[in-house]
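All remarks here apply to the structure that follows.
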Amino acid sequence: MMKKYLFAIILSVSSLQTMELFGQSVVEGRVVDIATGKGIVGVSVQTGSLQVYTDTLGNYCIPNLSGVVELDFNSEGYCSRSLLVHVDS
């Protein structure tokens, strides 16, 4: 079976100004099928011990990050991808 390619988009890296997460940042983005442009549901997005999954539109959000982080994207039937993101808190 030939694997498809996914495309991970970092929509934003922003600071949260809430009491619980003051001084921390959040990375959010969308993962889409490179051929169709449609969001991919259930993609694992992981950095270190933090792991989230994309929603029905391919969106994800990872809070409490700082510094340079590597995001790993994995989904069955797709080639894996990693991206380095610079997060300022």
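One-based numbering along the sequence shown.
Side-chain heavy-atom separations under 4.5 angstrom define the hydrophobic clusters, and L57 shares its cluster with no other residue. Applying the 4.5 Å side-chain rule to ILVMFWY residues, one finds V68 in the same cluster as L84.
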Validation: residues 37-47 side-chain donor-acceptor distances under 3.5 Å, sequence neighbours left out:
residue, atom, partner, partner atom, Å
S44, OG, Q51, NE2, 2.6
Q46, NE2, G48, O, 3.1
T47, OG1, E70, O, 3.1

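The two residues D72 and S82 make their nearest non-hydrogen contact at OD1-OG, 2.5 Å. Between C61 and P63 the shortest heavy-atom distance is O-CD, 3.8 Å.
Across I62, L65, L71, a single residue satisfies side-chain contact (heavy atoms from CB on, under 4.5 Å) together with V85, and that is L71.
Neither V31 nor Y53 shares a network with the other; the hydrophobic side chains, linked directly or stepwise wherever heavy atoms of I, L, V, M, F, W or Y lie under 4.5 Å apart, form separate groups for each.
Between Y60 and F73, the ring center distance clears the sub-6.0 Å criterion.
Taking the side chain to side chain donor-acceptor pair (under 3.5 Å) definition, one finds that D55 meets it with nothing, sequence neighbours left out.
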